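Scroll down for the structure; my scribbles are underneath it.
Heavy-atom basis, side chains included; hydrogens, waters and symmetry copies ignored. Bear in mind that the values here come from a model prediction, so they are computed numbers and not experimental data.
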Amino acid sequence: MSIAGEWGFNPLEDPSQDPAEIAKQAAFEIAVATGIGHHDIALTLGSGWAAVVDLIGKTTEEIPAEEITGFSSSGIPGHLGTIRSVILPNNKRALVIGARTHLYEGRGAQGFVRRVVHSVRTAAASGAKTMVLTHGAGGIRPAWQPGTPVLIKDHLNLTGTTPIEGATFIDMTNVYTPALRDLAKSVDPSLGEGVLAQVPGPQYETPAEVQMLRGLGADMVGMSVALEAMAARQAGMDVLGLSLITNQAAGISPTPLSHKEVLEAGAKAEPRVSALLARILEQI
Ligand code: 8IG
C-alpha cells in the first residue's frame, strides 16, 4: 500500500494536483519495484484476456496494484489485480496492468475519471509507446457469437465525461492506430472490426437501448476502453483495442444476460483469444 493509499487518500482526487505528475510518480515507483526503468509497450487485460500475460514472455516482477500511487486493487473477478513487468522474446519490456478501474466504481467527478485513466498515463510515463487495451463486451452484430474477438476500429464515448481536461484539443480521427489494426488483421484475416460504444454501466442495457446504440453505429457495447484510449492518444501513444464478445447484447439474444454466463464465456474463450493476441504482439 502506498503511504497515501494507507491513509485512504488518492491524490488523483485532489483537483489541485496535475494527473500527469501523479502518473510520473507512479511510474517511478514501478521502476523502483521492478528494477526496470523503461517499458516499451503496455497492456491492460480485461475480462477474458488475462491468460495473455503467461503467453507473451516471462514475468520478472509482479506488484499488487494498490502498492503504487493512484492505483486500487481490483475488486472484479477475472482481473489479475497486479502490475507485472514481462520480458518479451525480442528483449522488449511489457508492462501488464491487470487492474482496471471502471467508471461505475465512482461515477461523475473529474477525480474519478483521472483514476480510470491513471494506468494509461502511468504506462506512458514508464516509456510505453503502444497501449493495448482489452476488455469484454456485449455484441450488437447478430453474427458475433459469444467467444468472438473483435478489433476496435473506433468508438462512441457515451459516458458523458472525458479524461481530457482544460482547453486541450486532441485529434480523435485515428484513436485506434490503423497500422496496428492492419497488423492484427494480417495475423488473423478472419478478425472482425467494429465500433465500440462505451457506456457508464454498471447495469447492462435494455433491449431498447441496444437498438438505439445500433442506430448510432455501435457494433459492440462495454463499460471501459474508450476513455482509456482517449488518454492514451493524449499521451501520444499508439493504441490497439480488442473486445472479446462474451455475450450478445440485451435483446440480440432472446435470453436474459447473466454475469455468471458472461464470465463463463470469457473464461472459455480465454486460451484462444489470448493466443491470438500473443501472436499479434510478436509482430509489434
Ligand atoms: I462482458 O452486454 C460485457 N460488458 N454495457 N453491455 C455492456 N457492457 C458489457 C456487456 C454488455 N457485456
Side-chain angles (χ1 to χ4, degrees), residues 42-59 62 64-66 72-84 86 94-105 119 132-152 184 187-188 190-194 196-199 201-205 210 219-226 228 240-282:
L43 296 88
T44 298
L45 300 181
S47 303
W49 296 93
V52 168
V53 69
D54 294 319
L55 298 177
I56 57 173
K58 187 175 155 26
T59 297
E62 182 164 19
E66 66 270 21
S72 328
S73 61
S74 171
I76 320 266
H79 289 237
L80 298 171
T82 60
I83 298 167
R84 300 198 199 185
V86 176
L95 188 68
V96 178
I97 299 153
R100 171 177 265 140
T101 300
H102 293 83
L103 195 60
Y104 55 71
E105 294 172 53
S119 56
V132 180
L133 298 168
T134 65
H135 74 143
I140 297 177
R141 275 202 220 171
W144 290 342
Q145 294 298 320
T148 307
V150 179
L151 267 176
I152 304 172
V187 169
D188 180 358
S190 74
L191 199 53
E193 264 194 311
L196 167 71
Q198 182 180 351
V199 295
Q203 73 288 343
Y204 294 126
E205 295 66 41
V210 170
D219 300 302
M220 56 264 190
V221 55
M223 302 178 199
S224 61
V225 172
E228 293 152 70
L240 175 65
L242 285 158
S243 299
L244 171 61
I245 305 299
T246 52
N247 58 283
Q248 291 187 308
I252 301 289
S253 152
T255 52
L257 270 59
S258 123
H259 185 58
K260 186 166 161 281
E261 278 166 21
V262 166
L263 291 179
E264 283 168 3
K268 187 159 164 259
E270 192 157 320
R272 189 168 40 87
V273 300
S274 296
L276 168 65
L277 178 51
R279 280 195 288 134
I280 295 170
L281 285 173
E282 282 170 18

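- Considering only heavy atoms from C-beta on, V150 stays 4.5 Å or farther from L242 through its side chain.
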Determine, step by step, whether E264 and K268 satisfy the salt bridge (Lys or Arg N to Asp or Glu O under 4.0 Å) criterion, reporting the C-alpha distance in whole Å, the side-chain angles of both residues, the deciding distance to 0.1 Å, and the verdict. CA-CA 6 Å; E264 283 168 3; K268 187 159 164 259; over 6 Å; no
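- Counting only distance, with no hydrogens or angles, the side chain of S274 and the backbone of E270 share a donor-acceptor pair below 3.5 Å.
- When all heavy atoms of P146 and T246 are compared, the pair lying nearest together is CB-O, 3.5 Å.
- For I252 against G139, the heavy-atom pair with the smallest separation is CG1-O, 3.9 Å.
- In this structure, E62 and I83 have side chains that are not in contact, with every pair of non-hydrogen atoms separated by 4.5 Å or more.
- Contact of the W49 side chain with the L43 side chain is not registered, since no non-hydrogen atoms from C-beta on lie closer than 4.5 Å.
- Side-chain N/O atoms of S47 and H135 include no donor and acceptor closer than 3.5 Å.
- Nearest heavy atom pair, residue Q198 against residue A226, reads OE1-N, 2.9 Å.
- Neither side chain, T44 nor R100, offers a donor N or O lying under 3.5 Å from an acceptor on the other.
- Here the side chains of V132 and L45 are not in contact, with every heavy-atom distance at 4.5 Å or above.
- Note that OG1 of T134 is 9.0 Å distant from CG of L244, once rounded to the nearest 0.5 Å.
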Should N247 and E261 be marked as a side chain to side chain contact (heavy atoms under 4.5 Å, CB included) after you check the CA-CA gap, both sets of side-chain angles, and the distance that decides it? CA-CA 8 Å; N247 58 283; E261 278 166 21; over 6 Å; no
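- Interatomic distance, CG of L55 versus CG of L281, reported as 10.0 Å (0.5 Å rounding).
- For the atom pair R84 CZ and L95 CG, the distance stands at 12.0 Å (nearest 0.5 Å).
- In this structure, E228 CD and I97 CD1 are separated by 9.0 Å, a value rounded to the nearest 0.5 Å.
- In this structure, the side chains of I245 and Q145 stay at 4.5 Å or more apart for every pair of heavy atoms.
- Applying the salt bridge (charged side-chain N to carboxylate O under 4.0 Å, His left out) rule to E282 yields no partners; only residues at least two apart in sequence or on another chain are considered.
- Contacts of D188 classified as salt bridge (charged side-chain N to carboxylate O under 4.0 Å, His left out), with partners at least two apart in sequence or in another chain: none.
- Taking both residues in full, the closest heavy atoms of S243 and M220 are given as OG-CE, 3.7 Å, listed atom of the first, atom of the second, then distance.
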Go through it in stages, so that I can follow the logic: the residues are H259 and Y204, the test is side chain to side chain contact (heavy atoms under 4.5 Å, CB included), and I'd like the CA-CA distance, side-chain angles, deciding distance and then a yes or no. CA-CA 9 Å; H259 185 58; Y204 294 126; 3.2 Å; yes
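- The distance from the CG atom of L196 to the CD1 atom of I140 is 8.5 Å, given to the nearest 0.5 Å.
- Remark: side-chain polar atoms of E193 are not paired, donor with acceptor, to backbone N or O of I152 under 3.5 angstrom.
- Between R272 and P149 the shortest heavy-atom distance is NH1-CD, 4.3 Å.
- Across M223 and G201, no two heavy atoms sit closer than the pair SD-CA, 3.8 Å.
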